[in-house]
Colleague: 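There's a structure below that I have some questions on.
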Amino acid sequence: MKFSGSNVLVTGASRGIGEQIAKTLASFGLKVWINYRSGAQAAEAIKEEIEKAGGKAAIIKADVTNEEEFTNAIKTIVDADGELSYLVNNAGITKDKLALRMSVNDFTDVINANLTSTFIGCKEALKVMGKKRFGSVVNISSIVGEMGNPGQTNYAASKGGVNAMTKSFAKEAASRSIRYNAVTPGFIQTDMTDELKEEVKAEYEKNIPLSRFGKPSEIADAVAFLLSDHSSYITGEILKVNGGLYV
Ligand code: NAP
C-alpha cells in the first residue's frame with residue numbers, strides 16, 4: 001500500500017486492535033508512534049517486534065483523556081519528526097451496565113475516554129497537519145454507535161458521537177486536504193470482547209452472517225486503506241467492518 005506521509009500516531013496501541021494497527025502500518029514503512037497509558041512493557045515489546053521485522057517505531061506515554069498530555073504527545077512527535085502525517089484515534093473503554101443501573105459517572109467516563117479524547121486528537125491533528133496541508137485521520141468507532149446495544153448506552157452514545165464528529169471534521173478540514181474517516185468494527189477478538197460470557201459470544205456469533213468474530217488484523221487492513229494514498233478521494237466515510245452484522 002502506498003503512503004505519501006512518513007509517520008503515524010496510534011493511540012491505545014499497547015494491546016488489542018491498536019497493537020495490530022501499529023504492526024500493520026509499520027509493515028507498510030511508516031514510523032509508528034505507539035501510545036500507551038499503563039502498558040509500558042507491552043508497548044516496549046511491540047516496538048521491539050516492529051524493529052526486529054525491519055520497521056520503525058517509537059513509544060509515547062499519554063492518557064488521551066487528558067488534554068495536556070495528549071497535546072504534548074503530539075508536540076513531542078512533531079518536534080522529533082518535523083510532522084505528524086497520520087493519526088489513528090483507537091484508545092477506548094467500555095463500562096457496561098443497563099441504563100437504569102448506570103451512574104452519570106459511568107456515562108461520562110466512557111464519553112471522555114472514547115469521544116472527548118477523539119475530539120482532542122482530531123483537533124490537534126488539524127492544527128499540525130494544517131500547516132503541511134497534508135494528513136489523514138482514522139477514528140476507531142463501533143457498530144454499537146450505529147445500531148445501539150443493551151447495556152451500552154454510554155458506549156453507543158460515545159461511538160455515535162465519534163461518527164457524527166468524524167463527518168464534521170471531514171467537512172472543516174477538506175479545504176486543507178486533510179481527510180477524516182472512521183471504521184466501525186463489529187465484534188473483534190480482543191480483551192474487550194474476552195470479557196463477554198461464552199453464551200453471550202455464541203449468541204452474537206449466531207447473528208453474524210460471516211459466523212465469527214473478526215480479527216484485529218481485519219480492522220488494521222481497513223485502517224491502512226483509509227490512511228493511505230489509495231483512499232485519496234474518501235473523506236467523512238464511516239466504514240463498516242463487521243462480518244455483515246449490520247449493513
Ligand atoms: P482493548 O483490548 O481493551 O484495548 C484498549 C486500548 O486502549 C488499550 O491499549 C488501553 O490501554 C487503551 N486506552 C484506553 N483508555 C486509554 C486512555 N485514556 N489513554 C490511552 N490509552 C487508553 O480494546 P480493543 O478491543 O483493542 O479496542 C480498541 C478500539 O476499538 C476501542 O476504541 C474500541 O471501542 C473499539 N472497538 C472494539 C471492538 C471489539 O470488539 N474489540 C468493537 C468495536 C470497536 P491500557 O492498557 O492502559 O488500558
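Computed from heavy atoms alone, side chains included, the values below leave out hydrogens, waters and symmetry copies. Residues: numbered from 1 along the sequence shown. Atoms within each ligand, like the ligands themselves, are counted from 1 in listed order.
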Colleague: Could you name the protein residues that come within less than 4.0 Å of ligand 1, counting only heavy atoms, and order them by chain and residue number?
Modeller: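 For ligand 1, the contacting residues are G12, S14, R15, G16, I17, N35, R37, S38, A62, D63, V64, T65, N90, A91, G92, I93, I140, S141, S142, Y155, K159, P185, G186, F187, I188, T190, D191, M192, T193.
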Colleague: Tell me which donor-acceptor pairs under 3.5 Å the side chains of residues 40-50 have, and how far apart each pair is, sequence neighbours excluded?
Modeller:
| from | atom 1 | to | atom 2 | distance (Å) |
| --- | --- | --- | --- | --- |
| K47 | NZ | E51 | OE2 | 3.2 |
| E49 | OE1 | K23 | NZ | 3.2 |
| E49 | OE2 | K23 | NZ | 3.4 |

Colleague: Look at the rings of F28 and F3 and say which category their plane angle falls in: under 30° parallel, 30 to 60° tilted, over 60° perpendicular.
Modeller: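 Tilted.
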Colleague: Considering residues at least two apart in sequence or located in another chain, which fulfil the side chain to side chain contact (heavy atoms under 4.5 Å, CB included) criterion with S142?
Modeller: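 Only V144, Y155, K159 meet the side chain to side chain contact (heavy atoms under 4.5 Å, CB included) criterion with S142.
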Colleague: Considering the options K56, E83, K31, which one meets the side-chain hydrogen bond (donor to acceptor under 3.5 Å, both in side chains) requirement together with S6?
Modeller: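 That would be E83; it is the only one of K56, E83, K31 passing the side-chain hydrogen bond (donor to acceptor under 3.5 Å, both in side chains) with S6.
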Colleague: At their closest point, which heavy atom of S141 faces which heavy atom of V162, and how far apart are they?
Modeller: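 Minimum heavy-atom separation between S141 and V162: CB-CG1, 3.9 Å.
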Colleague: Side-chain atoms of residues 223-231: list all donor-acceptor pairs with protein atoms under 3.5 Å, sequence neighbours left out, distances to 0.1 Å.
Modeller:
| from | atom 1 | to | atom 2 | distance (Å) |
| --- | --- | --- | --- | --- |
| S228 | OG | F225 | O | 2.9 |
| S228 | OG | H230 | N | 3.1 |
| D229 | OD1 | S4 | N | 3.0 |
| D229 | OD1 | S4 | OG | 3.4 |
| D229 | OD2 | K2 | NZ | 3.1 |
| D229 | OD2 | S4 | N | 3.3 |
| D229 | OD2 | S4 | OG | 2.7 |
| H230 | NE2 | K2 | N | 2.9 |
| S231 | OG | R179 | NH1 | 3.0 |
| S231 | OG | R179 | NH2 | 3.2 |
| S231 | OG | F225 | O | 2.8 |
| S231 | OG | L226 | O | 3.0 |
| S231 | OG | S228 | O | 3.2 |

